[in-house]
Amino acid sequence: MFSKKEEAVLKALQNDLPLDNRPFDAIAQQIGLQEEEVISIINSFLKKGVIRRVGASLGHRALGFAANAMIMWAVPEERVQEMGRKMSSFPEVTHCYQRQVPEDWAYNIFTMVHAPTREKCLEKIKEISLETGLEDYQIIFSTVEFKKTSVSYDL
């Protein structure tokens with residue numbers, strides 16, 4: 001599916017970018033390519049939708065966002081697309097998924113909300129509820145983080 005060069009670039013992009021003035025040149029040197037080749041391959045991945053972006057991932061706890069909650073929403077099937085888009089538009093919502101759930105389970109949309117405090121989280125969830133008109137939801141706050149990593153694909 002991918003050439004050897006493309007695979008090498010994909011594998012390199014799954015790691016942290018080198019802290020370098022020219023990170024793509026550093027990657028190129030690591031995998032035996034020229035900087036221009038790496039940038040060209042990344043641009044082709046962007047155009048094809050293989051990757052959406054290259055960016056930094058911030059540590060939310062280090063920034064003072066100590067509270068996060070998963071909210072399970074009961075959304076009528078005919079409104080799933082509309083509500084998914086609407087909930088995704090809130091900056092505090094970092095994840096928004098429709099999931100296949102058991103027949104007797106009402107909650108089919110799942111969001112993650114991050115805020116500095118539990119109270120601010122609850123305020124934002126209430127705001128989302130009011131703006132969407134969705135009143136049937138359950139909140140689960142995180143208590144301990146056992147693992148948090150980026151996905152690493154075995155290419």
Side-chain angles (χ1 to χ4, degrees), residues 1-3 5-19 23-24 27 37-155:
M1 179 165 163
F2 295 109
S3 72
K5 289 179 180 182
E6 290 172 329
E7 273 189 29
V9 171
L10 280 172
K11 286 180 182 179
L13 289 176
Q14 291 183 71
N15 301 315
D16 292 338
L17 286 177
L19 292 175
F24 301 120
I27 289 172
E37 286 180 286
V38 170
I39 293 170
S40 176
I41 290 169
I42 291 170
N43 282 329
S44 75
F45 287 157
L46 289 165
K47 286 178 189 158
K48 294 176 192 172
V50 173
I51 61 174
R52 288 179 292 193
R53 64 184 176 83
V54 176
S57 177
L58 303 176
H60 66 277
R61 291 188 191 281
L63 291 171
F65 287 77
N68 64 67
M70 177 186 290
I71 306 89
M72 301 174 289
W73 303 88
V75 179
E77 197 59 40
E78 66 276 4
R79 298 193 68 205
V80 164
Q81 293 298 316
E82 171 197 0
M83 292 296 103
R85 282 191 299 276
K86 189 163 190 88
M87 286 188 271
S88 295
S89 71
F90 288 87
E92 298 84 358
V93 172
T94 59
H95 298 72
C96 184
Y97 293 100
Q98 177 184 17
R99 297 198 182 266
Q100 190 172 3
V101 295
E103 255 181 60
D104 59 343
W105 185 258
Y107 307 101
N108 53 350
I109 298 288
F110 296 76
T111 58
M112 286 296 295
V113 169
H114 299 269
T117 66
R118 189 179 181 105
E119 293 73 27
K120 293 283 185 195
C121 237
L122 291 169
E123 287 173 19
K124 183 50 64 174
I125 294 164
K126 186 66 175 170
E127 181 185 331
I128 294 169
S129 172
L130 290 171
E131 286 200 32
T132 60
L134 298 172
E135 297 176 351
D136 187 0
Y137 59 91
Q138 296 291 320
I139 305 167
I140 303 172
F141 279 94
S142 297
T143 54
V144 176
E145 185 177 290
F146 292 107
K147 179 181 180 181
K148 184 171 183 166
T149 60
S150 297
V151 176
S152 180
Y153 299 99
D154 185 26
L155 300 172

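A quick note: this is a predicted structure, and the numbers were derived from the prediction, not measured.
Residues Val80 and Ile109 are in side-chain contact: their nearest non-hydrogen atoms beyond the backbone lie under 4.5 Å apart. Counting heavy atoms from C-beta on, the side chains of Leu122 and Phe141 come closer than 4.5 Å. Put simply, the side chain of Ile27 reaches to within 4.5 Å of the side chain of Leu17, judged on heavy atoms. Taking 4.5 Å as the limit, some side-chain heavy atom of Met87 sits within range of a side-chain heavy atom of Leu134. The side-chain heavy atoms of Glu77 and Gln98, taken from C-beta on, include a pair separated by under 4.5 Å. No side-chain heavy atom of Arg99 sits less than 4.5 Å from a side-chain heavy atom of Asn108. Using a 4.5 Å heavy-atom cutoff, the side chains of Tyr137 and Val75 are not in contact.
In this structure, the separation between CD on Glu37 and CD1 on Ile42 is 12.0 Å, given to the nearest 0.5 Å. Within the model, atoms CD of Glu131 and CE of Met83 stand 10.5 Å from one another, a figure rounded to the nearest 0.5 Å. Between atom OG1 of residue Thr143 and atom CG of residue Asn68 there is a gap of 9.5 Å, rounded to the nearest 0.5 Å. Residue Ile71 holds its CD1 atom at 6.5 Å from CD1 of Ile139, rounded to the nearest 0.5 Å. Glu6 contributes atom CD, which lies 5.5 Å from atom OG of Ser44 (distance to the nearest 0.5 angstrom).
A 6.0 Å sphere centred on CG of Asn43 holds more than 12 heavy atoms belonging to other residues, nucleotides or ligands. The local environment of CD in Glu78 is crowded, with over 12 non-hydrogen atoms from other residues, nucleotides or ligands closer than 6.0 Å. With a 6.0 Å radius and a threshold of 12 heavy atoms from other residues, nucleotides or ligands, Leu19 has its CG atom at or below the threshold.
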- Does the side chain to side chain contact (heavy atoms under 4.5 Å, CB included) test come out yes or no for Gln138 and Met72, once each step is laid out? CA-CA 5 Å; Gln138 296 291 320; Met72 301 174 289; 3.4 Å; yes
- Would you check, one step at a time, whether the test side chain to side chain contact (heavy atoms under 4.5 Å, CB included) holds for Lys5 with Ile41? CA-CA 8 Å; Lys5 289 179 180 182; Ile41 290 169; 4.0 Å; yes
- Item | Audit row: Phe110, His95, side chain to side chain contact (heavy atoms under 4.5 Å, CB included) steps and yes/no | CA-CA 8 Å; Phe110 296 76; His95 298 72; over 6 Å; no
- Going through the checks in order, is the side chain to side chain contact (heavy atoms under 4.5 Å, CB included) test met by Trp73 and Ile128? CA-CA 11 Å; Trp73 303 88; Ile128 294 169; 3.7 Å; yes
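One finds a salt bridge joining Lys124 and Glu127 here, because a Lys/Arg side-chain nitrogen approaches an Asp/Glu carboxylate oxygen to under 4.0 Å.
In this structure, Arg118 and Ala67 approach most closely via the heavy-atom pair N-CB, 3.5 Å. Heavy atoms only, all atoms of each residue included: Pro18 and Pro23 are closest at O-CB, 3.6 Å. Of all heavy-atom pairs spanning Gly84 and Cys96, the tightest one is O-SG, 3.7 Å. For the pair Ser89 and Lys86, the tightest heavy-atom approach, listed with the atom from each and the gap, is OG-O, 2.6 Å.
Every residue meeting the ring pair (Phe, Tyr, Trp, His ring centres under 6.0 Å) condition with Phe45, not counting sequence neighbours, appears here in chain and number order: Phe2.
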List the atom pairs, with distances to 0.1 Å, where a side-chain N or O of residues 46-56 and a protein N or O form a donor-acceptor pair under 3.5 Å, not counting sequence neighbours.
none

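No side-chain donor-acceptor contact under 3.5 Å links Ser129 to the backbone of Ile125.
Between Tyr107 and Trp105, the ring planes are perpendicular. Angles over 60° get that label, and only those under 30° would be called parallel.
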